[in-house]
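In this text, all values refer to a predicted model and were calculated from it rather than measured experimentally.
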Amino acid sequence: QVQLVESGGGLVQAGGSLRLSCAASGSIFSIRDMGWWRQSPGKQRELVAVITDSGVTTYTDSVKGRFTISRDNAKRMVYLQMNSLKPEDTAVYYCGAELRTSFLTTMKFYWGQGTQVTVSS
């Protein structure tokens, strides 16, 4: 009933930019935190950036100053602007959101299906 759909991944040269988008849809009452995680082959999924419903942001150290997370609460969208990309940013990027499907339910975390970002050197 709840879907998170990412878009915007692709292949880019080192130093380039990409913008990821994630749309939340379905039976959603409210969304608290939204964010981006990434996973490279053989590695654990790691947090990239998260933004609260009031706009407070947190970034992992390796992307600070290069990536910017933002959201549009009315559209239920979260974005990740990625600049100065490096080969080590290559990964599958996943959108995640903590949300409630009704005022009676508790917060639950949902994942998108992921989008591949490949940065060539």
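Atom CZ of Phe103 sits in a sparse spot, with 12 or fewer heavy atoms from other residues, nucleotides or ligands closer than 6.0 Å. For CD of Gln39, the number of neighbouring non-hydrogen atoms (other residues, nucleotides, ligands) closer than 6.0 Å is greater than 12.
Counting only distance, with no hydrogens or angles, the side chain of Arg100 and the backbone of Thr105 share a donor-acceptor pair below 3.5 Å. Panel note: side chain Gln113, backbone Val5; no donor-acceptor pair is recorded below 3.5 Å.
A salt bridge does not link Asp89 with Lys86: every distance from a Lys NZ or Arg NE/NH1/NH2 to an Asp or Glu carboxylate oxygen is 4.0 Å or more. Using a 4.0 Å cut-off between a side-chain N of Lys or Arg and a carboxylate O of Asp or Glu, Arg38 and Glu46 qualify as a salt bridge.
Side-chain atoms of Leu20 and Val117, non-hydrogen and from C-beta on, do get closer than 4.5 Å to each other. No side-chain heavy atom of Arg71 sits under 4.5 Å from any side-chain heavy atom of Met77. Counting only heavy atoms from C-beta outward, the side chains of Tyr79 and Cys22 never approach each other to under 4.5 Å.
Between Asp33 and Thr52, the side chains place no donor N or O within less than 3.5 Å of an acceptor N or O (distance only, hydrogens not considered). The closest side-chain donor-acceptor pair between Gln116 and Thr118 falls under 3.5 angstrom.
The CH2 atom of Trp37 sits 11.5 Å away from atom CG of Leu80, with the distance rounded to the nearest 0.5 Å.
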